[in-house]
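Below: one structure, written as structure tokens.
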Amino acid sequence: MEYSPAGVRHVSSAFGSKWLVSRPMNSRSLIVYRGRAGDRNTRGTAGAQMLGALLARRYGLDTTFVSRPQAPLPTTAWHEQLAAARGDLHAFADALRASLAEGHRTITAMGRCAAGLATIPVVAERFPDACVVWFDAHGDSNLPSSNAVPYLGGMVLTDAAGHWDSGLGAGLSLSNVVLVGARDLDPHEKELIAAGQLKVVEVGPNLPERLSAVVGARDVYVHLDCDVLEPGIVPIEYQVTGGLTLENLRACAIALARRKIIGVEVAEFESEWLDGRPASPDRLVDAIAPLLG
């Protein structure tokens, strides 16, 4: 490890070099992941940086940046996307592992859900009995063989559970996963749900109460894909009607915050609308504030 001026430390590993900001120990830690994660455009990474900047200002947090923004690959093939992202994702996993080891409630802004290939195995490794509450319009529980055109971000939970191998770790029990707001499910995901391997809390009346009943008293790690929200609330790449309102999301956050929150990761917030209007993450952060401590 080499140190350079301006309080920045240079971390090297077999997977390449990353720049991380040196920071004092806090009860909360902020990580902004700027590396590859199957991106098809630059709006997700830009959105993660925008979200991270707001979180840093609002909560007075120093920021650990992992990797640097890069142009999307010309290919959408999942195995090529994974190969290109693997070094960045290993560095991301190392940053989260270090933060959790220091006892921080870790808040993470990341562009795409596929970055969860790095985070969820680390959470399962350190907190094997924790409940992973997965707010997402999709199940993210496919296999490379279960779709005609597999999508890297659609296979995160099954990879973390060891149903296929990304090379980024496993150890997650799907019995510790609760899908919230999932409504665009593929056949393999429906099979896992029908078999009782995955639990789903659907959008509808008494959502916070139903979610609380499924989670129980377990410690919680929250994944928020912004497409769980009704389209038009924040800019997102994938739009699925029938989603949560920000009021629904905040009510769930209040309910979950009665438990120990290990960390919160937010993905798929895009920096601008499709017509070019700039986005703002303020109302989104307001909604999840109870989880942030």
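In this chain, numbering begins with 1 at the start of the sequence shown. The basis for the numbers below is simple: all heavy atoms, side chains too, and nothing from hydrogens, waters or symmetry mates. Please read all numbers here as calculations on a predicted model, not as lab measurements.
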If Ile, Leu, Val, Met, Phe, Trp and Tyr residues are connected whenever their side-chain heavy atoms lie under 4.5 Å apart, and connections chain through other members, are [X] and [Y] in the same group?
X    : Y    : answer
M155 : L73  : no
L292 : V234 : yes
L143 : L185 : yes

Kindly give the heavy-atom pair with the smallest separation between [X] and [Y], and that separation in Å.
X    : Y    : result
E80  : T75  : OE1-CG2, 3.1 Å
A37  : A115 : CB-N, 3.8 Å
G139 : L157 : O-CD1, 3.5 Å
V156 : G153 : CG2-O, 3.6 Å
A255 : S212 : CB-OG, 3.5 Å
R58  : V285 : NH1-CG1, 3.4 Å

I need the [X] [atom1] to [Y] [atom2] distance, nearest 0.5 Å.
X    : Y    : atom1 : atom2 : answer
N176 : F127 : CG    : CZ    : 13.0 Å
D159 : D140 : CG    : CG    : 11.5 Å
I107 : I261 : CD1   : CD1   : 11.0 Å
K190 : L192 : NZ    : CG    : 12.5 Å
L51  : D282 : CG    : CG    : 10.0 Å
I262 : S99  : CD1   : OG    : 12.0 Å

Original post:
D136 and L179: side chain to side chain contact (heavy atoms under 4.5 Å, CB included), yes or no, with the steps?
Top reply: CA-CA 7 Å; D136 199 316; L179 303 178; over 6 Å; no
Original post:
H223 vs W134 aromatic rings, parallel, tilted or perpendicular, using cut-offs 30° and 60°?
Top reply: parallel
**OP:** Look at the aromatic rings of H138 and Y238 and report parallel, tilted or perpendicular, splitting at 30° and 60°.
**Re:**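 Ring orientation of H138 relative to Y238: perpendicular.
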Is the shortest side-chain heavy-atom distance between [X] and [Y] below 4.5 Å?
X    : Y    : result
I236 : E270 : no
M110 : V66  : no
L284 : C226 : yes
E237 : E268 : yes
C252 : L207 : yes
L30  : Y59  : no
E189 : V200 : no
F269 : L224 : no

Do any N or O atoms from the side chain of [X] and from the backbone of [Y] form a donor-acceptor pair under 3.5 angstrom?
X    : Y    : result
R183 : T241 : yes
E230 : G243 : yes
R40  : P74  : no
R259 : V215 : no
R105 : L291 : yes
S141 : T158 : no
R34  : S67  : yes
R36  : Q81  : no
D94  : A91  : no
R86  : S166 : yes

Original post:
Do other residues, nucleotides or ligands put more than 12 heavy atoms under 6.0 Å from E202 CD?
Top reply: no
**OP:** Might you confirm whether atom CZ of R283 has over 12 heavy atoms from other residues, nucleotides or ligands at distances under 6.0 Å?
**Re:**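 Not buried by this count: 12 neighbours or fewer within 6.0 Å.
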**OP:** With side chain to side chain contact (heavy atoms under 4.5 Å, CB included) as the test, would you mind laying out the steps for L82 and L117 before giving the verdict?
**Re:** CA-CA 10 Å; L82 177 58; L117 293 166; 4.2 Å; yes
Subject >> Audit row: Y33, L89, side chain to side chain contact (heavy atoms under 4.5 Å, CB included) steps and yes/no >> reply: CA-CA 9 Å; Y33 178 69; L89 293 172; 3.4 Å; yes
Subject >> Sidechain N-carboxylate O distance under 4.0 Å for D39, R112 >> reply: yes
**OP:** Run the numbers on L96 and T106 for side chain to side chain contact (heavy atoms under 4.5 Å, CB included), then give the verdict.
**Re:** CA-CA 7 Å; L96 178 61; T106 305; 3.6 Å; yes
